[in-house]
Amino acid sequence: MTLGVPTTYRCERAAPLVVVLHGYTGNGGGVVEYFGIKAEAEKRGFLYLAPNGTTDGAGNNFWNATIACCDFAKTNVDDTAYLSTLMSDVAEEWNVDPKRVYFMGHSNGGFMSYRMACEHSDKIAAIASLAGAMRADAATCTPSQPVSVIQVHGTSDTTISYQGGQIGANPYPSAEQSIRDWQMLNSCASDATSSAGVYDLDEVIPGLDTDAATYSGCRNGAEVALWTIPNGPHSPQLSAGFASAVFDFFDAHPKP
């Protein structure tokens, strides 16, 4: 587990916290480096926590996020309770702003970020999922409060398809459906504001490579957005702009 504390931290001033979740086979330290969290958290005064999931029989770390991903051995480990406890532990030791707690994850970590938003919406202001997906049955997601959401996904992802698919016999929704689910859960406006070439998130693809579709008018000032990387893969070579854009979204969407 990796815990980062900015040099500007002062115990008398509450700091935002972002919990960073690795993908299947990954680890906390690795996803912090991949996302470029350290510099951005230092710049903005964020605490960050990057735990490791349970190790399965094949020696791979995973999160038990949905039926599709990624508790393949059916251990039924309760990762929502585990992560909730870690959040409480950090808040006991450090002055965490309860209105500015965020989750972000890659792949399996994106799936798990969605699960935390469904089951602990009272504690989480916003999430960002890169190449993850919501649960297949949105009716089983019953957040008590709105949560702002970004889904970042490449259209050429062959691991977790942008168009949706299944892992084994278990389905997962498309990137667009994942966001539509949260548009409905947050009671957002029915139409998105769409713009092409908004962000430069992938170092390999030249120029402003990412399109954005944003649903506003949600309850409690929440917002839901789909950031699409045309021809982007499952694990893009992320630019420095990725962490900056995600943290901009987090900063703009605290709990009321």
Report the residues that fulfil side chain to side chain donor-acceptor pair (under 3.5 Å) with [X], sequence neighbours left out, ordered by chain and then residue number.
| X | value |
| --- | --- |
| Tyr215 | Arg180 |
| Asp56 | Tyr24 |
| Ser113 | none |

Verify, without hydrogens or angle tests, whether [X] (side chain) and [Y] (backbone) share a donor-acceptor contact under 3.5 angstrom.
| X | Y | result |
| --- | --- | --- |
| Thr85 | Ala81 | yes |
| Thr2 | Gly28 | no |
| Asn186 | Val147 | yes |
| Asn64 | Asp78 | no |
| Tyr172 | Ser161 | yes |
| His106 | Leu21 | no |
| Asn220 | Pro146 | no |
| Ser187 | Arg219 | no |
| Asn108 | Trp63 | yes |
| Asn61 | Asn27 | no |

Does a donor on one side chain sit under 3.5 Å from an acceptor on the other, for Gln163 and Ser174?
no
Quick one: do the Asp157 and Thr155 side chains pair a donor with an acceptor below 3.5 Å?
no
Pairs meeting criterion salt bridge (charged side-chain N to carboxylate O under 4.0 Å, His left out) with involvement of [range], two or more places apart:
| range | result |
| --- | --- |
| residues 22-33 | Glu33-Lys38 |
| residues 117-139 | Arg115-Glu119, Glu119-Arg135 |
| residues 188-205 | none |

Disulfide (SG to SG under 2.5 Å) involving Cys69 - partner list, sequence neighbours excluded
none
Option passing side-chain contact (heavy atoms from CB on, under 4.5 Å) with Ile67 (candidates Ile167, Asn170, Thr140):
Asn170
Where at least one partner belongs to residues 133-170, residue pairs that pass ring-ring contact (aromatic ring centres under 6.0 Å, His included), sequence neighbours excluded:
His153-Tyr162
Sequence neighbours excluded, the answer for salt bridge (Lys or Arg N to Asp or Glu O under 4.0 Å) partners of Glu42 is none
Taken in chain and number order and not counting sequence neighbours, the residues that satisfy side-chain contact (heavy atoms from CB on, under 4.5 Å) with Ala136 are Pro171
Pair listing, side chain to side chain donor-acceptor pair (under 3.5 Å) test, anchored in residues 90-100, at least two apart:
Asp97-Arg100
By the side chain to side chain donor-acceptor pair (under 3.5 Å) test, which pairs, at least two apart or in different chains, include something from residues 236-256?
Arg44-Asp248, Arg44-Asp251, Gln145-Lys255, Glu223-His253
